[in-house]
Amino acid sequence: MTILELDTILHKELYGQEIVHRIVINALRGHLTSSNPPKALSMSFHGPPGTGKTYMTQMIAKFLYKKGDQSEFYHFFNGRNDFPLQEKVNDYKEELYKIIINSLQKCERSMFVFDEVDKMPEGLLNVLVPFLDYNTWVKSWRHASYSVNTRKAIYIFLSNTGSTRIIQHLLTLWEKGKLRTMARIQDFENLISVGAFNEKGGFYHSDTIDSNVIDHYVPFLPLEEKHVKRCLKRAFKDRGVEPTDEMIEEGLSHVTFGPPPHNLYAYAGCKRLEQKVAANIYARRKEKLEF
């Protein structure tokens, strides 16, 4: 997949995230077109559930590797499952360091994704600073005479941290009469970084933020009804069904919108809609058979 193909796919399938689309495409283009980038590319994705954070990482993996997120050079870590205990943070650091070194020795274009950063032990992500900084080489963990190039890798952090601030700021812009498409990265970036630094979790007072080694704080905005409808339509079509308006409305009935009094945004975005669509299709087929 080329960067142009990725750009086209995101235009069609990433709903309501113009800021995200623009930042990520430009960041990837700038990083990957350089044979000698000054540092690894690091992006931190923030926003409510179901807004496309995981989808975006999967699309980047498909763009980078033939096997996509099944590639041996794609590494996915979940804060809740992989690093559950604060008291073991030093063990996790050592293990993580070794995984990164070993992968970079095999492929300098390795990709590392950290999901549910807000559920990670405090201090864990500090081990990443040497890999994210403007250092050309990092010494191998086991062989001091062997170094690895850290500058071509990609690191992505996924978190719900900052969601409340993102929603509130977007709502404030809406109340001022500004269209969603008029929102700018500058409206959110400082809100996200300051919020992440001060909220409990993996970024709490983290050196990754304090050392300014994260290149882009990317806000995934809450989805409106029109975006959720597009998610529903795609979910039906992925199952070979052309949905009627009634079927779309049935899907929407499972979505909770807020905050009051305007109730503009879907609390869970497009999350779990595919399960609702599958149940809807099965129920209708069963009714036809019984009839």
Side-chain angles (χ1 to χ4, degrees), residues 39-46 49 53-54 57-58 60-61 64-65 67-163 192-217:
K39 66 184 292 296
L41 174 61
S42 55
M43 298 183 285
S44 191
F45 295 172
H46 296 257
K53 299 187 294 294
T54 300
T57 63
Q58 291 170 340
I60 294 172
L64 286 175
Y65 311 115
K67 294 183 178 180
D69 58 9
Q70 299 303 306
S71 169
E72 64 176 306
F73 308 123
Y74 174 91
H75 303 272
F76 182 90
F77 306 93
N78 180 277
R80 193 192 305 268
N81 297 330
D82 295 320
F83 313 110
L85 303 175
Q86 179 67 46
E87 58 267 27
K88 295 188 67 175
V89 65
N90 289 329
D91 294 336
Y92 297 150
K93 283 183 178 180
E94 185 174 331
E95 182 182 1
L96 189 54
Y97 188 90
K98 286 190 284 186
I99 290 172
I100 294 173
I101 284 286
N102 289 336
S103 186
L104 291 178
Q105 286 176 343
K106 297 175 184 176
C107 176
E108 293 177 345
R109 290 288 188 196
S110 292
M111 179 174 172
F112 305 92
V113 177
F114 299 85
D115 192 17
E116 294 196 334
V117 170
D118 43 311
K119 302 296 189 297
M120 290 181 179
E122 294 173 16
L124 170 64
L125 296 179
N126 292 346
V127 74
L128 300 180
V129 172
F131 297 103
L132 301 178
D133 211 346
Y134 287 84
N135 294 332
T136 304
W137 303 95
V138 168
K139 291 292 184 181
S140 170
W141 172 77
R142 190 173 296 279
H143 305 290
S145 61
Y146 186 85
S147 299
V148 294
N149 187 345
T150 65
R151 297 172 299 167
K152 295 183 179 181
I154 295 176
Y155 297 79
I156 297 178
F157 306 93
L158 312 179
S159 175
N160 293 333
T161 304
S163 296
I192 294 171
S193 61
V194 171
F197 188 74
N198 290 296
E199 290 186 29
K200 293 295 183 182
F203 276 142
Y204 181 71
H205 288 189
S206 172
D207 290 348
T208 53
I209 295 178
D210 210 24
S211 301
N212 294 306
V213 292
I214 295 179
D215 302 310
H216 305 281
Y217 292 93

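Please read these numbers as outputs of a predicted model, since none were measured by experiment.
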* Kindly indicate, with the supporting measurements, whether the criterion side-chain contact (heavy atoms from CB on, under 4.5 Å) is fulfilled by Phe76 and Thr57. => CA-CA 10 Å; Phe76 182 90; Thr57 63; 5.5 Å; no
Working to the nearest 0.5 angstrom, can you tell me the gap between [X] [atom1] and [Y] [atom2]?
X: Leu128; Y: Ile100; atom1: CG; atom2: CD1; result: 5.0 Å
X: Tyr155; Y: Ile214; atom1: OH; atom2: CD1; result: 12.5 Å
X: Ile156; Y: Phe112; atom1: CD1; atom2: CZ; result: 12.0 Å
X: Arg109; Y: Asn149; atom1: CZ; atom2: CG; result: 9.0 Å
X: Glu95; Y: Leu124; atom1: CD; atom2: CG; result: 10.0 Å
X: Asp115; Y: Met120; atom1: CG; atom2: CE; result: 7.5 Å

* With sequence neighbours left out, what residues match Ser103 under side chain to side chain donor-acceptor pair (under 3.5 Å)? -> His75, Ser110
* Asp215: partners by side chain to side chain donor-acceptor pair (under 3.5 Å), with sequence neighbours left out -> Lys39, Ser42
* Is any side-chain heavy atom of Phe131 closer than 4.5 Å to a side-chain heavy atom of Leu96? -> no
* Is there a side-chain contact between Leu158 and Thr54 (heavy atoms, below 4.5 Å)? -> yes
* To do: Identify the two heavy atoms, one from Phe45 and one from Lys53, that lie closest to each other, and give their separation to 0.1 Å.
  =>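 Here Phe45 and Lys53 meet closest at O-CD, 3.7 Å.
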* **Distance-minimising heavy-atom pair for Ser159 and Val117** =>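 That closest heavy-atom pairing would be CB-CB, 4.1 Å.
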Looking at [X] and [Y], would you say the former's side chain and the latter's main chain have a donor-acceptor pair under 3.5 Å?
X: Tyr65; Y: Met111; value: yes
X: His216; Y: Met43; value: no
X: Asp133; Y: Val129; value: no

Distance-only donor-acceptor hits, side chain of residues 77-89, under 3.5 Å, sequence neighbours excluded:
from  : atom 1 : to     : atom 2 : distance (Å)
Asn78 : OD1    : Arg80  : N      : 3.0
Asn78 : OD1    : Asn81  : N      : 2.9
Arg80 : NE     : Glu116 : OE1    : 3.2
Arg80 : NH2    : Glu116 : OE2    : 3.3
Asp82 : OD2    : Asn78  : N      : 2.7
Gln86 : OE1    : Glu122 : N      : 2.9
Gln86 : NE2    : Glu122 : O      : 3.1

* With sequence neighbours excluded, tell me which residues meet salt bridge (charged side-chain N to carboxylate O under 4.0 Å, His left out) with Lys93. =>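 So Lys93 forms no salt bridge (charged side-chain N to carboxylate O under 4.0 Å, His left out) with any residue.
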* Trace of the side-chain contact (heavy atoms from CB on, under 4.5 Å) decision for Tyr217 with His46 -> CA-CA 7 Å; Tyr217 292 93; His46 296 257; 4.0 Å; yes
